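Worksheet: the structure to be examined is printed underneath.
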Amino acid sequence: MKLNLEKMNGYSVIFIHEERIDAHNSPELKEYILHLIEQGDVNIIIQLENVRFIDSSGLGALLSGYKNAIAKSGKLALACCEQQVISMFELTRLNRVFEIYTDLKEAFDNEA
Amino acid sequence: MCNSVLQVDVIIPTQTKYLDLIGSIGEHIAKDIENFLGDREALAYHLNLVLTEATTNAIKHANNDPKDTVRITIHIQDNELNIKVYDHGQGFDLESVPLPDFDQPRESGMGIFFIRTLMDSVTYTKQPDCNILEIIKYL
């Protein structure tokens with residue numbers, strides 16, 4: 001899983017540099033987020049600008065991160081999703097769970 | 001309405017690194033289907049997703065033999081797109097897979113929901129030498 005982490009405005013922002021999140025790389029993403037939360041970085045934004053495909057295991061990895069962040073009184077939001085990717089959240093009603101922002105600025109403005 | 005015939009037959013090892021390949025085949029097919037009047041980009045994503053989910057499912061249910069394989073066939077004739085995914089594992093009961101609980105979402109169990117929602121027919125048949133997940137989409 002190609003990704004990098006930047007600390008911005010008090011958030012840990014994970015930039016995903018993959019076009020696909022599927023059952024091949026989602027376990028790694030799930031572990032990465034979990035590890036981050038265990039280290040105390042509980043306010044997370046995941047930047048999905050490069051992601052053009054996500055499957056059920058990818059959604060599951062993000063949901064796992066969301067639940068773990070909430071359990072530690074943190075938050076996990078998403079930013080820069082392509083429409084096709086957003087439609088997967090809509091189909092599973094996970095758009096009611098996640099805050100999904102157009103860009104990082106909107107995320108920082110609203111999560112502050 | 002599509003009149004041409006297309007048949008794709010792929011066999012892969014039971015490894016998730018091949019999901020990209022299988023999904024991409026579905027996406028390419030959707031983009032090349034002749035005389036399709038619907039939303040081609042949506043169909044491309046949906047075929048990518050359904051093939052990815054079905055193949056993941058077959059890999060998950062495969063036996064532990066490292067030489068085990070998953071066979072995927074895609075057949076288009078007239079206006080019917082038919083996908084068959086063959087696995088050699090113990091199989092599962094498709095009818096017992098519940099709908100996701102949207103109010104209390106879980107991290108797993110959405111794959112079959114995607115296939116059922118996006119396609120027109122899904123069946124799972126256990127045969128002596130393999131199991132077949134058959135998916136039909138009317139174009």
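Everything quoted here is computed from the prediction, not taken from an experiment. In what follows, every chain begins at residue 1, and chains take the letters A, B, ... in the order their sequences are listed.
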**Item:** Contact leader toward chain A among B:D20, B:T55, B:I59, B:T117, where contacts are heavy-atom pairs under 4.5 Å
**Value:**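 The option with the most such pairs is B:D20.
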
By a 4.5 Å heavy-atom criterion (distance strictly below it), what part of [X] contacts chain A: side chain, backbone, both, or neither?
{"X": "B:P105", "value": "both"}
{"X": "B:E41", "value": "both"}
{"X": "B:L118", "value": "side chain"}
{"X": "B:F114", "value": "side chain"}

**Request:** Write out, in numerical order, the residues from residues 91-103 of chain A with a heavy atom short of 4.5 Å from a heavy atom in chain B.
**Result:**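 So far as heavy atoms go, A:L91, A:T92, A:R93, A:L94, A:R96, A:V97 are the residues that approach chain B to under 4.5 Å.
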
**Request:** Taking heavy atoms only and a threshold strictly under 4.5 Å, list by residue number the residues of residues 28-41 of chain A that touch chain B; give 'none' if the list is empty.
**Result:** A:K30

**Item:** Non-neighbouring partners of B:Y18 that pass side-chain hydrogen bond (donor to acceptor under 3.5 Å, both in side chains), sequence neighbours left out
**Value:**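 Checked B:Y18 against side-chain hydrogen bond (donor to acceptor under 3.5 Å, both in side chains); zero matches.
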
**Item:** B:H28 NE2: over 12 foreign heavy atoms closer than 6.0 Å
**Value:** no

About how many Å separate [atom2] of [Y] and [atom1] of [X], when rounded to the nearest 0.5 Å?
{"X": "A:H24", "Y": "B:L19", "atom1": "NE2", "atom2": "CG", "result": "8.0 Å"}
{"X": "B:S108", "Y": "A:L59", "atom1": "OG", "atom2": "CG", "result": "12.0 Å"}
{"X": "A:E82", "Y": "B:Y45", "atom1": "CD", "atom2": "OH", "result": "9.0 Å"}
{"X": "B:S24", "Y": "A:R20", "atom1": "OG", "atom2": "CZ", "result": "6.0 Å"}

**Message:** Run A:K67 and B:E107 through side-chain contact (heavy atoms from CB on, under 4.5 Å) and show every step you take.
**Reply:** CA-CA 10 Å; A:K67 287 181 175 178; B:E107 292 159 35; 4.2 Å; yes

**Request:** For each of A:S56, A:S87, A:S64, A:G60, tally heavy-atom pairs with chain B at distances under 4.5 Å, and name the one with the top tally.
**Result:** A:S56

**Request:** Could you list all the salt bridge (Lys or Arg N to Asp or Glu O under 4.0 Å) pairs where at least one residue sits in residues 125-136 of chain B, not counting sequence neighbours?
**Result:** B:K84-B:E134

**Request:** Say whether, by atom type as modelled, one donor and one acceptor occur between the side chain of B:E53 and the main chain of A:D55 under 3.5 angstrom.
**Result:** no

**Complete:** Given the options B:L49, B:N48, B:T52, B:T16, A:D22 meets side-chain contact (heavy atoms from CB on, under 4.5 Å) only with B:T52

